[in-house]
Amino acid sequence: MSRLERAFFARDTLVVARDLLGRHLVRVLEGERITGRIVETEAYTGFDDQASHGRHGETARNRPMFGQVGVSYVYFTYGMHWLLNVVARPEGAGYPAAVLLRAVEPLTGLDQIAARRDGRPPREWTNGPAKLTRAMDIDGGLSGVDVTAPGSPLCFEEGEPVPDEAVQTGPRVGLGSTPEPWLSMPWRFYVADNPYVSRHR
DNA sequence: AGCACGATTAACT
DNA sequence: GTTAATCGTGCTC
């Protein structure tokens, strides 16, 4: 299975978020591959997106969002959760942007995932942004990783693209007090009727 | 220096 | 449906 190259991520953030559906997220851990089929993403883009971590400018935390595309951005939130993004924007675009990985369908490394998600049914292993990082042992140490570099502990592979009729969109999740119109922008992408898409209120 | 809150989850009633 | 857990970040004083 071939790896997604830098050019894949050097496109409009919304296009990349959409195109990541059906692709495989690969975590190489102690020589073993934990992989999942991506079924849910969200786009965060531009200085004006009031929901994006990049909205107040560059800081030590959000630095990857301002850097090269195809690099991971992993951050800590709610005092206990790590969330995984990958930087994506057109070449030469002068703004921060990234795609949040919200849910995957487990494919390989099931034993490793099960061990990290002990006691829970498979459906709840990776159906949420913090669940998948827990399942795949992803934390802040994996922020700023070039996912297109050979031998990287994190990468993306071609997988099988999802046809338009199987793609659904909607507002992004968990934005709380974010003002309109950003609160309602349909920048969440997910595979229709897939049991691993995250559930929420 | 202090403080409110978050791109969430799991355990309750 | 409601709420506690838990702490780094970034804004305000």
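The shown structure was predicted, so the numbers you read here are calculated from the model rather than taken from an experiment.
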Heavy-atom donor-acceptor pair, [X] side chain to [Y] backbone, under 3.5 Å:
| X | Y | answer |
| --- | --- | --- |
| Thr35(A) | Leu107(A) | no |
| Arg102(A) | Glu42(A) | no |
| Asp19(A) | Val15(A) | no |
| Asp49(A) | Gly46(A) | no |

- salt bridge (Lys or Arg N to Asp or Glu O under 4.0 Å) filter on Arg89(A), not counting sequence neighbours, yields none

- Message: Run the salt bridge (Lys or Arg N to Asp or Glu O under 4.0 Å) test against Arg18(A) and tell me which residues pass, sequence neighbours left out.
- Response: Asp164(A)

Would you indicate what [X] reaches in the nucleic acid, counting non-hydrogen atoms under 4.0 angstrom: base, sugar-phosphate, or nothing?
| X | answer |
| --- | --- |
| Ser177(A) | sugar-phosphate |
| Arg117(A) | sugar-phosphate |
| Arg120(A) | sugar-phosphate |
| Ala130(A) | sugar-phosphate |

Going by heavy atoms closer than 4.0 Å, what residues in [range] are next to DNA chain C?
| range | result |
| --- | --- |
| residues 56-67 of chain A | His56(A), Thr59(A), Arg61(A) |
| residues 8-25 of chain A | none |
| residues 76-86 of chain A | Phe76(A), Tyr78(A), Gly79(A), Met80(A) |
| residues 42-50 of chain A | none |

- Using ring pair (Phe, Tyr, Trp, His ring centres under 6.0 Å) as the criterion, list what pairs up with Trp82(A), not counting sequence neighbours. Phe76(A)

- Item | For Phe9(A), all residues meeting ring pair (Phe, Tyr, Trp, His ring centres under 6.0 Å), sequence neighbours excluded | Phe156(A)

Answer with yes or no whether the hydrophobic clustering places [X] together with [Y]; edges join I, L, V, M, F, W, Y residues whose side-chain heavy atoms lie under 4.5 Å apart.
| X | Y | result |
| --- | --- | --- |
| Trp187(A) | Tyr44(A) | no |
| Val26(A) | Met136(A) | no |
| Val197(A) | Val167(A) | yes |

- Query: Can you tell me how far CZ of Arg55(A) sits from CE of Met65(A), rounded to the nearest 0.5 angstrom?
  - Reply: 10.0 Å

- Query: Roughly how far apart are Ile34(A) CD1 and Leu25(A) CG, rounded to 0.5 Å?
  - Reply: 10.0 Å

- Is the closest basic N to carboxylate O distance between Asp137(A) and Arg116(A) below 4.0 Å? yes

- Message: Looking at Glu124(A) and Lys131(A), is there a salt bridge between them, counting it only when a charged N and a carboxylate O are closer than 4.0 Å?
- Response: no

- Query: Taking the same atom, C1', in dC5(B) and in dT3(C), what whole-Å distance lies between them?
  - Reply: 16 Å

- Item | Pairs meeting criterion side-chain hydrogen bond (donor to acceptor under 3.5 Å, both in side chains) with involvement of residues 145-159 of chain A, two or more places apart | Ser2(A)-Glu158(A), Arg3(A)-Ser152(A), Arg6(A)-Asp146(A), Arg6(A)-Thr148(A), Arg33(A)-Glu157(A), Asp146(A)-Thr148(A)

- For Ser143(A), check side-chain contact (heavy atoms from CB on, under 4.5 Å) against everything at least two apart and list the hits. Pro64(A), Tyr73(A), Val74(A)

- Query: Could you give the start and end, 5' to 3', of the contact zone on DNA chain B for chain A, using atoms under 4.0 Å from its heavy atoms?
  - Reply: dG6(B) to dA11(B)

- Message: For Phe8(A), does the six-membered ring have the charged nitrogen or CZ of Arg11(A) within the cation-pi criterion, i.e. under 6.0 angstrom from the centroid and within 45° of the normal?
- Response: yes

- Task: Dot-bracket for DNA chain C, please, read 5' to 3', with Watson-Crick or G-U wobble pairs under 3.5 Å on both distances, ( ) within the strand, [ ] crossing, | other strand, . unpaired.
- Result: |||||.||||||.

